[in-house]
Amino acid sequence: MADQYDPDSVHERVVAHWDAVDAYEQTKDHRSDGEDFFFVDGPPYTSGAAHMGTTWNKTLKDVYIRYLRMQGYDVTDRPGYDMHGLPIETKVEEKLDFENKKDIQEFGEEAFIEECKDFAEEQLVGLQEDFESFGVWMDWDNPYKTISPEYMEGAWWGFSQAHERGLVEQGKRSISQCPRCETAIANNEVEYEDVSDPSIYVKFDLQDREGSLVIWTTTPWTIPANTFVAVDEELTYQGVRAHKGDDSEVLWIAESCVEDVLSKGRYDDYEVIDQATGEEMVGWKYEHPLREAVPDAPEGEDALQVYTADYVEADRTGLVHSAPGHGEEDFARGEDLGLDVFCPVGGNGVYDESAGAYAGQFVKDADETIMDDLEANGNLLSRGTTHHSYGHCWRCDTGIIQIVTDQWFITVTDIKDEMLANIEDSEWHPDWARDNRFRDFVEEAPDWNVSRQRYWGIPLPIWLPSEARSASEPSSGQGPRDPVEWSGDMDDAIVIGDREELADRVDQDIDSETVDLHKGTVDELTITEDGVTYERVPDVFDVWLDSSVASWGTLNYPDQTEDFEELWPADLIMEAHDQTRGWFWSQLGMGTAAVGEIPYDEVLMHGYALMPDGRGMSKSKGITVEPQEAIDEGGADPMRAFLLAQNPQGEDMRFSWEGMDSMGRNLNILWNVFRFPLPYMRIDGFDPAEITVEDADLEEIDEWVLSRLQTVEAEMTEHFEDRRQDRAIETLMDFVVEDVSRFYVQAVRDRVWQEGDDGSKEAAYATLYRVLEETVALLAPFTPFIAEEIYQYLTGDAGYDTVHMCDWPEPDGTLRDVGLEDEIEVVRAVEEAGSNARQQAERKLRWPVKRVVVDVDDQEVGGSIELQAGLLADRLNARSIEVVGPEEEWGELTYSAEADMSKLGPAFGDDAGTIMNALNDASVAEPTVAALESAVGSELDQGVDLEAEMVEFVRNTPEGVASTEFEALDGGGVVYVDTTLTEDIESEGYAREVIRRVQEMRKDLDLEMDARIRVEYEIADDRVAELVKEREDLIAEEVRADAFGGVKDGYRKEWEIEGVDAEIAVAEV
RNA sequence: GGGCCAAUAGCUCAAUCAGGUUGAGCGCUCGGCUGAUAACCGGGAGGCUGCCGGUUCAAAUCCGGCUUGGCCCA
């Protein structure tokens, strides 16, 4: 057994042991008949190594899975990996030095997909190694991968279910488009950064009246698509005649914005000539400011008019340039108004032919030209620049553009009420995460755009009509075909739900068992039904859709149905708070759309891992603490213990090196507690099967620590059920450090040191054994390595092959005694105060004290001390313990008073000095003014009237007595320690000084624990030598000495004992 | 710009829901102890409970505003 706790070597040994005995497999088999518990792993994304947040997350999952297994559950523990998506595509593009989609086309779609797959698989291996390195036990041989055909089929199935319910549609939507990646990106993939942009004020000339509307924008490139101007219905707008030099013009601006706009336009002066509310302005027509350059720009009966909109604010000009072909709000309002959508911009951010003069230009590059044109045609009131936050692609950092494109949607807005009802079926920790954040998000969520115009993803399982055979052609013929346009009606589209259906319906011959479902394969497949040939739409799914089906994808549904029927929905999931908008949401949306239910019953939402100083971690900025670094520095168990000691409910966690070290120290204490009795047990051949706490002759302190153990078990279970494993490990560590190490082990050391057969010693062994055995079981979910090592050492062949097969310890009522726990709590409080008093009196614990008097103010406290007087005497090394009850006075106490001259002076004048001296000399038995008056009166031979405010009482203890106050239970009191020396006490004190030095010498000699010795000592002071000699029996017993004197070639050392020179020699017999 | 969460000793946190002298562990410091020894025990210092205002006899706690940090959304 190693002397020192070394997490790394423990780790190494335990991993080897696990491998040797198939510990993981055995543990799972052991529970295979248990009640099912369906845990679902939120799949980490395979584009990088595990960071501290992932590490925390997986460690949390591990602790709960291990705990649930110990509770008897058969836990599903299939890990998952999220392996599709744009982030991986961009990494591969970087690797291959690609710039845009064209490079991918040239490289070949299929080859590119292959590269993405290899990249994702490579990352997976790295992640998995990381997870295993800190002891996470999941089914690593059989992870679910979002790129496997079985899993992708799960996504198809979910999507087709949503389609069955009529929740799938194609539609135009304003989306955030990355012009480099040439795909729509989700709003939560947009990162905002501060940038410089144009800031222009533009005049839109009114048609039926004098003047122009003034709008403000930072995106000149959207002006070609301007379709209407929005106002606030309640706001007041003013028509002002503005003068600049000799010219003047009429401008319409919101009242509160007039001054500001006119100063921007550098006008000299103005007067208000007209006024209208937004409502009154509705229907005013205006000219498109870029009609010449963009002849196709919106026009028509309803276009180029003023409308109200709720997105208008009295800011800038109070009128808002609106282009339904771009902005999301503009689009929505335009749709309400039935306006045509004009979007002259392609997916790559380049104007198409409809943009007239600007065709072929990248929109951001066209800003300058457009502003020049506006200036030239007199429609530009002001141009400048502004700094604001603008959306960028989270992967390639390109500025996003809002454009309207055809996308595929799951129309979750149609089932919003159902989703809101479904979230009630889930229990969240913490509860506010559900009732505030999550509900808000669900309420505001728009339809889910699930299509991406990319390659590395699950292809949409939608086939649309593309061509039809002429009716006259024979069905087998290869005759001419007519292109067919899809009607837009989902009844005319084909949505495939699984591989079998795919194989059945496609024209080509494929094997449903082996077919790959990626673009490279399925793009080639066509379906011909009723003379119409259908082709797949080229899009792939938004990667969020992949993980949204994890609750059945984990179970390979629909390929296999049994587990799904048995287990679904998930009993528990746990992820960080960013998943409120991610996985928690996507699963709810998909679950409700496909199955009508929320796919999880319970959510544990934890926080983020932050830097020790509270900053967020960021790999790109190099601000991280790497898990591997933490493992190297502190060890896997201490790191886990630290992470698990953090509140897992919603709060962020600051990583702390000190915190981790502190956990390491606690584990070291456990190690020492465990190591302490081993040599003794070995000497005595203790057999834990032979002597258990049930039949040993327990002493009260044994009963106490066993009772504490039961209480700890009950508390820990409660904490685990509340999903507060941090409180559970804190409870356990507190027990190990405070109760077992600092109290119990100290209390039983003498018993363990006894030689030969001894019932008391055996009881201590049995107790320690039970405590350790159950403690390591309680610790096993948290720090699986050290728990295993100690467990194996303790139980040997008698136990399981792994501690993780143990049942979770349940409190045993027959071992629990709350009254006893209270009594010991009192003892510990009194002991602490007694130690303090000893220190004041400078009497070390080795020297016995004559007596300890405890003056209590509470019956229960006093009773506890009386009941535990023996233990207390032992702990305080006191010859006797006396209790003074709440109604009693300790007769040996006296009180004196300190005079306050600022009060005495005015009251007594010339006599004040004399009275002060009498007061200060007085000593009374009780702290009352009356007693003082009487004492002072007899001293001075005259009556004195004292007031309470004139004096302050001081408690005087008898000579040689020190005191300290204490508190315990609902009361407290004062501990008095009488350190008066007697010859007998001195004799024992000196003897113990000798004992301690001989023990140290035994240790220097590295003697076996039970080695016998001869001891010789010479002390310079005859009196001290005589006192020591009186206690030779005690010394002999304590140091295992057979005889005194006659040491010839022994180990000899000079000492100083309490200022007296001494020489001690020791030799093994 | 909006929502949610947080802010208490140098650090990590508890006490906040249900108002009543603020506490714990670690760290620091001083002293002690020594067959668990890189362990252990005791003492001490250390707090306008982020800021401002309100309710109340009384606010870390309830209410409002602000500041800072985190997450989410725009």
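Throughout, protein chains are lettered first and strands after them, A, B, ... in sequence-line order, and every chain is numbered starting at 1.
- Following rounding to the nearest Å, A/N877 (CG) and B/G32 (P) show an atom-to-atom distance of 19 Å.
- If you take CZ of A/R828 and P of B/C40, they are 14 Å apart, rounded to a whole angstrom.
- Here A/Y680 lies in heavy-atom contact (under 4.0 Å) with sugar-phosphate atoms only.
- Under the side-chain hydrogen bond (donor to acceptor under 3.5 Å, both in side chains) criterion, A/W448 pairs with A/D542, not counting sequence neighbours.
- The closest side-chain donor-acceptor pair between A/Y765 and A/D684 falls under 3.5 angstrom.
- If you find the closest nucleotide of RNA chain B to A/L845 and to A/Q646, the one lying nearer the 5' end belongs to A/Q646.
- Contact annotation: A/R437 side-chain N/O to B/C71 OP1/OP2 distance is not under 4.0 Å.
- Contact between A/G834 and A/V975 at its shortest, heavy atoms only, is CA-CG1, 3.9 Å.
- Ranking B/C11, B/C71, B/A39 by closeness to the A/I669 side chain, first place goes to B/A39.
- Nucleotides B/U8 and B/C13, compared at atom C1', are 9 Å apart to the nearest Å.
- If you check the side chains of A/S322 and A/Y311, you find a donor sitting under 3.5 Å from an acceptor.
- Not a single donor-acceptor pair, N or O on each side, falls under 3.5 Å between the base of B/A39 and the side chain of A/S741.
- Evaluation of the salt bridge (charged side-chain N to carboxylate O under 4.0 Å, His left out) rule for A/R173 yields A/E169, A/D447 as partners, not counting sequence neighbours.
- Dashed line: the shortest gap from a side-chain N or O of A/Y5 to OP1 or OP2 of B/A36 is not under 4.0 Å.
- Across B/A14, B/A36, B/C71, the shortest atom-to-atom separation from the side chain of A/Y608 is found for B/C71.
- Here the P atom of nucleotide B/U12 and the CG atom of A/L644 are 19 Å apart, to the nearest Å.
- Here, B/G27 and B/C11 have their C1' atoms 7 Å apart, quoted to the whole Å.
- Between B/C63 and B/G19, the distance separating the two C1' atoms is 13 Å to the nearest Å.
- Comparing B/U22 with B/G47, their P atoms sit 14 Å apart, to the nearest whole Å.
- Residues meeting the salt bridge (charged side-chain N to carboxylate O under 4.0 Å, His left out) test with A/K1053, sequence neighbours left out: A/D1004.
- Going from atom CD1 of A/I1057 over to atom P of B/C33 covers 13 Å, rounded to whole Å.
- Look at CE on A/M611: it is 16 Å from P on B/C11, rounded to the nearest Å.
- For B/C71 and B/A38, the P atoms lie 43 Å apart once the distance is rounded to whole Å.
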Worksheet item: In the 5'-to-3' direction, what one-character label does each nucleotide of nucleotides 24-30 of chain B receive under the scheme B = base within less than 4.0 Å of a protein heavy atom, S = sugar-phosphate only, - = no such atom?
Response: --SS---

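- Here the side chain of A/L610 is nearest to one of B/A14, B/A36, B/G70, namely B/G70.
- Residues meeting the side-chain hydrogen bond (donor to acceptor under 3.5 Å, both in side chains) test with A/Y769, sequence neighbours left out: none.
- A search for salt bridge (charged side-chain N to carboxylate O under 4.0 Å, His left out) contacts involving A/D739 returns A/R708, A/R828, not counting sequence neighbours.
- Under the salt bridge (charged side-chain N to carboxylate O under 4.0 Å, His left out) criterion, A/D435 pairs with A/R439, sequence neighbours left out.
- Distance noted for atom P between B/C5 and B/A14: 16 Å (whole Å).
- Looking at heavy atoms from C-beta onward, A/V771 lies in side-chain contact with A/F735 at the 4.5 angstrom threshold.
- Taking every side-chain heavy atom of A/N668 into account, B/A38 is the closest of B/A38, B/G70, B/A36.
- Checked against B/G70, B/A6, B/C72, the side chain of A/D578 finds its nearest nucleotide in B/C72.
- Taking the six-membered ring for Trp and thresholds of 30 and 60 degrees, A/F642 and A/F655 have ring planes more than 60 degrees apart, a perpendicular arrangement.
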Discussion item. For Watson-Crick and G-U wobble pairs within 3.5 Å on both distances, what is RNA chain B written in dot-bracket notation, | included for inter-strand pairing?
Written reply: (((((((..((((......[..)))).(((((.......))))).....(((((..]....)))))))))))).

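- In this structure, CG of A/N647 is placed 11 Å from P of B/A7, rounded to the nearest angstrom.
- Spacing between B/A9 and B/A24 at atom P, rounded to whole Å, works out to 14 Å.
- The side chain of A/N672 sits closest to B/A39 out of B/C11, B/A39, B/G70.
- At the heavy-atom level, A/R727 lies under 4.0 Å from the strands shown only through sugar-phosphate atoms.
- Here the C1' atom of nucleotide B/C33 and the CZ atom of A/R749 are 10 Å apart, to the nearest Å.
- Spacing between B/U16 and B/U55 at atom P, rounded to whole Å, works out to 25 Å.
- Listed candidates were B/C71, B/C5, B/C73. Nearest to the side chain of A/W432 is B/C5.
- Remark: C1' of B/G42 and CZ of A/R838 are 12 Å apart, rounded to the nearest angstrom.
- Proximity note for A/R654 (side chain, C-beta onward) versus B/U12, B/A36, B/A6: the nearest is B/U12.
- For A/Q746, counting side-chain heavy atoms from C-beta on, the closest listed nucleotide (B/A39, B/C11, B/C40) is B/C40.
- Shown here are the side-chain hydrogen bond (donor to acceptor under 3.5 Å, both in side chains) partners of A/D652, two or more places apart in sequence or in another chain: A/H577.
- Comparing A/R992 and A/E328 by the nucleotide of RNA chain B whose heavy atom lies nearest to each, the residue mapping closer to the 5' end is A/R992.
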